[in-house]
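Read the structure below first, then the notes.
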Amino acid sequence: MQFFWAFVIGGLICVIGQIMLDVFKLTPAHTMSTLVVAGAVAEGFGLYDPLVEFAGAGASVPITSFGSSLVHGALSELERDGWIGIVTGIFEVTSAGISAAIIFSFLAALLVRPRG
Amino acid sequence: MPASTKSKGAKFNLDTLTHQEYKSIAQKHEPKRSTFKNCVLAFLIGGGICLLGEAIQRGFMSWFGMSVTEAGSPTVAVLIIISVILTSIGVYDKIAQVAGAGTAVPVTGFANSMCSAALEHKSEGYVLGVGGNMFKLAGSVIVFGTVAAFFVGLVYAILGLDGVQQP
């Protein structure tokens, strides 16, 4: 059942992005930035974690989860270490994703000959 | 330079073409794609990528005995590797032409934007080209995400809320 909801919720978030591109004529960069901020705000209100619990990867794979993870890291270190945690904790959860993207993109640039 | 174009049926003089006229001509030749069809494709392909993510996450959970939260990071990393490989062989961009936001919104689109920027600027050298341009598209996502997260954290700190409940 989780597979079904992962498909539906993940698909719907992509449709929201497509509507922002097509109907509101935003650039891809504006669309992505808006979705990330939306995810961060949703996490701030405590709405994103229930969605992840409900839809699994349908909520954790779209870029909105990047915003929610940034807030998640900031808030959990805020609780543990006090104010400084807001700054030190932001990349705690998303570190894997960002590091992997940097490392593998660089390796790809080393190995692959760009096509015209 | 001759003032008029040589192509058949060109009714406009290129030198006197105003911005408005150009726009109307360009719009006429733009391929018509309905928003509805785009949304259906974005839904199917975006949903499919999330389905793949769910399957990978289940795999990590059952084979390595991870919890849902533990499996999150390796799942994202695997999706990113897949995306980088598909970008390198030129497949991801072909799918993206059909899927629109369906491939851009999932985390794979984030990796795709970084990888394609890195490949595109390789000719300018590794430091200035690859290093300097990798975040050209993905940078705005990180900047706005980080700033938003900072302010949400600030609000929590000022209001004295407890932060997130630990899983």
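Note on naming: letters A, B, ... go to the chains in the order of the sequence lines (proteins, then strands), and numbering restarts at 1 for each one. Just so it is clear, the model here is predicted, and its values are computed rather than measured.
For I16(A), no part lies near chain B; criterion is any non-hydrogen pair under 4.5 Å. In this structure, chain B has a heavy atom under 4.5 Å from the side chain of L21(A), while its backbone stays farther away. Heavy-atom distances place the side chain of F135(B), and not its backbone, under 4.5 Å from chain A. With a threshold of 4.5 angstrom between heavy atoms, I63(A) approaches chain B through its backbone and through its side chain. Within the 4.5 angstrom heavy-atom criterion, atoms from both the backbone and the side chain of I102(A) approach chain B. Within the 4.5 angstrom heavy-atom criterion, atoms from both the backbone and the side chain of A55(B) approach chain A. Looking at F91(A), only its side chain comes within 4.5 Å of chain B, counting heavy atoms on both sides. Neither the backbone nor the side chain of V52(A) comes within contact range of chain B, judged by heavy atoms closer than 4.5 Å. Proximity to chain A involves both the backbone and the side chain of I142(B), based on heavy atoms less than 4.5 angstrom apart. When heavy atoms are compared at a cutoff of 4.5 Å, I85(B) does not approach chain A at all. The contact between V105(B) and chain A is made by backbone and side chain atoms together, counting heavy-atom distances below 4.5 Å. Proximity to chain B involves both the backbone and the side chain of F3(A), based on heavy atoms less than 4.5 angstrom apart. Proximity to chain A involves both the backbone and the side chain of M114(B), based on heavy atoms less than 4.5 angstrom apart. For a residue to count as touching a neighbouring chain, one of its non-hydrogen atoms must lie under 4.5 Å from one of that chain's; by this rule I90(A) touches chain B with the side chain only. Only the backbone of A55(A) comes within less than 4.5 Å of a heavy atom in chain B; its side chain stays farther off.
Comparing G46(B), A117(B), P106(B), G145(B) by how many heavy-atom pairs each has under 4.5 Å with chain A, the most go to P106(B). Ranked by heavy-atom pairs shorter than 4.5 Å toward chain A, the options V141(B), V40(B), V76(B) are led by V141(B). Among A77(B), G109(B), S83(B), A104(B), the residue with the largest count of heavy-atom pairs under 4.5 Å with chain A is A104(B). Considering only heavy-atom pairs separated by less than 4.5 Å from chain A, the leading option among S113(B), S140(B), G72(B), A111(B) is S140(B).
Annotation: salt bridge (charged side-chain N to carboxylate O under 4.0 Å, His left out) contacts involving residues 35-61 of chain B, sequence neighbours excluded, comprise E54(B)-R58(B).
The local environment of CD in E53(A) is sparse, with at most 12 non-hydrogen atoms from other residues, nucleotides or ligands closer than 6.0 Å.
Considering only heavy atoms from C-beta on, C39(B) comes within 4.5 Å of I19(A) through its side chain.
S105(A) contributes atom OG, which lies 8.5 Å from atom CD1 of I80(B) (distance to the nearest 0.5 angstrom).
When every heavy atom of L44(B) is checked against every heavy atom of F7(A), the shortest pair comes out as O-CE1, 3.5 Å. Residues V8(A) and F43(B) approach most closely at O-CE1, 3.4 Å, considering heavy atoms. Minimum heavy-atom separation, Q18(A) to G102(B): OE1-N, 4.4 Å. Smallest separation of non-hydrogen atoms from S60(A) and Q57(B): OG-OE1, 4.1 Å. Summarising the geometry of L119(B) relative to A109(A), their closest heavy-atom pair is CD2-CA, 3.7 Å, with the distance given to 0.1 Å. Considering every non-hydrogen atom in both C50(B) and A57(A), the closest pair reads O-CB, 3.4 Å.
Both L110(A) and I89(B) belong to a common hydrophobic cluster when Ile, Leu, Val, Met, Phe, Trp and Tyr are linked at side-chain heavy-atom distances under 4.5 angstrom. When hydrophobic clusters are built by joining Ile, Leu, Val, Met, Phe, Trp and Tyr residues whose side-chain heavy atoms come closer than 4.5 Å, directly or via intermediates, F64(B) is grouped together with V78(B). By the criterion of side-chain heavy atoms lying less than 4.5 angstrom apart, applied directly or through intervening Ile, Leu, Val, Met, Phe, Trp or Tyr residues, F106(A) is grouped together with F110(B) in one hydrophobic cluster. Tracing side-chain contacts under 4.5 Å through hydrophobic residues (I, L, V, M, F, W, Y), one reaches F4(A) starting from I9(A); they form part of the same cluster. Hydrophobic clustering of Ile, Leu, Val, Met, Phe, Trp and Tyr side chains at less than 4.5 Å, counting indirect connections, unites F151(B) with F66(A).
Every side chain to side chain donor-acceptor pair (under 3.5 Å) that T108(B) has, sequence neighbours left out, goes to Y92(B).
Residue-level contacts of residues 124-131 of chain B with chain A, in order of numbering, are Y126(B), V130(B); threshold 4.5 Å between heavy atoms. Below 4.5 Å, heavy atoms of chain B meet heavy atoms from A29(A), M32(A), S33(A), L35(A), V36(A), V37(A), all part of residues 29-37 of chain A.
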Next on the checklist: Between W83(A) and I158(B), is the side-chain contact (heavy atoms from CB on, under 4.5 Å) condition met? List the steps.
Outcome noted: CA-CA 9 Å; W83(A) 282 69; I158(B) 289 169; 4.0 Å; yes
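No donor-acceptor pair under 3.5 Å is formed between the side chain of Y156(B) and the backbone N or O of L75(A).
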